[in-house]
Amino acid sequence: MLESALLQGTLELLVLKTLSVEPMHGWGVAQRIELMSSEVFQVSQGSLYPALQRMKRKGWIRSEWRKTENNRRARYYMLTPAGEAQLGVERAEFERSAEAVIRVLEWAGGFA
Amino acid sequence: LSLFSDLRERLTALLFRGREERALDEELRFHLEMEEEANIRRGMSPEVAHRQAVRTLGGVERTKEAVREAQGLDLIEDLVRDVRFAFRSFARTPGFTVTAVLVLALGIGATTSIFSAVRAVVLRPLPVAEPERLYMLWESDPEVGWETQAASPANYLDWKERVASFADVEAYGSAWQVPITGLEQPITLRALNVTGGFFSMLGVRPLLGRDFTAEETWASATWRAGPTPLLLSASTWRTVFGGDESVIGTRVTFNGGEARVVGVMPEGFAFPEEGVQLWVPFGWADEARESEWFRRARSGPSPAWPTAPAPRRPPRSSTQ
């Protein structure tokens, strides 16, 4: 899942959304996305970590090492102000596309 | 911001290569362990949980490769490799290297000096319409030993009216500092006196407003008739007068007398040098034509100059 070019942007959107709730390590991000999407999306580490790195380069997220609840060291990612703005942009863009796709799918022939 | 964070991320990744690699290792190990623990919680034996986790996660090396690619390291590494290779090649073939550097240096040098010359001669000629027809006229006095001497106003007028070889003769004075008030702040500007037909002889038209008229050489048409007309340089217009077209008609006090802006000269027009900020007609007193001072050439500042506000210096004259 999420390997195709079409869904690349969607993965970034979902990661931004997840990190907007609270700072989280990579595994936690993957878990949240799987859980919240009722396991429709399986986020592989092969696409997650490169995506996190890309988003870091774009200045949308930053990272720091923190302790987990179980006292383990993990790299946590968090949104920057630029990332928060980007979340708004990408969300609006996605909703627009999704609505458009649905309108096309629901078209029953003829023109309103 | 994004460009900056991009560069910073790439540089950190490059400079702290080992540290970044170890961090990524630790991050992926953590990921694997968390996956294993989740599997154990689902009821698998530790061994099965480990195998299952490894299988779900896929190749660790492939992930690392993809992260490195996302860090943008390939590009920089390639560049560094290319530069190293170039330097090694130079070192191997010093003769070729010296030749190449010399050819480049000469090429760049020649181009630069040719451009400088072309710029001075072709691109920035005298700011007039037909510079090749323009001559400078001087007075000389062998008895006193004066060679290129500023002409007296009377002689200038004789040349203008009686010498048929010249289509026109016009004159300008030396630049002087003039106090100007009536603007937001009092200011001193560098002004130059000219005869009324000066700019039309040069073939230069104002960018805004009007040129001086031939009559405005005389006081009867300038400071006695009303406000003295002023022509501003484009940069004075922009910096002192706000650069608005409504500047035409602006009244100021010029050296204690009433004056009015009648025009703005084109961008880049400078005469006789860059520092002149505005131009004003001489405004010679009409009845002065017969007086002694009007007929005498001067080599320096003259205390006997009349009280008219404009004429401070005897004119030099230029012609075409």
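Predicted model, so just to flag it, every value in this text is computed and none were measured.
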A quick test of your reading: do over 12 heavy atoms of other residues, nucleotides or ligands sit less than 6.0 Å from [atom1] of [X]?
X: A:E64; atom1: CD; value: yes
X: A:E95; atom1: CD; value: yes
X: A:R75; atom1: CZ; value: yes
X: B:R210; atom1: CZ; value: yes
X: B:K64; atom1: NZ; value: yes
X: B:Q177; atom1: CD; value: yes

Chain B contact via A:R73 - side chain, backbone, both or neither, heavy atoms under 4.5 Å
both
Quick one: what part of A:R72 sits under 4.5 Å from any heavy atom of chain B, side chain, backbone, both or neither?
side chain
Name all pairs fulfilling the salt bridge (charged side-chain N to carboxylate O under 4.0 Å, His left out) condition that reach into residues 91-116 of chain B, sequence neighbours left out, sorted by first residue then second.
none
For A:P50 against B:A66, the heavy-atom pair lying closest together
CG-CB, 3.4 Å
Residues of residues 26-38 of chain B near chain A, each having a heavy atom less than 4.5 Å away:
B:E26, B:E27, B:L28, B:F30, B:H31, B:E33, B:M34, B:E35, B:E37, B:A38
Derivation and outcome, side-chain contact (heavy atoms from CB on, under 4.5 Å), residues B:L24 and A:Q53
CA-CA 11 Å; B:L24 183 58; A:Q53 186 56 44; over 6 Å; no
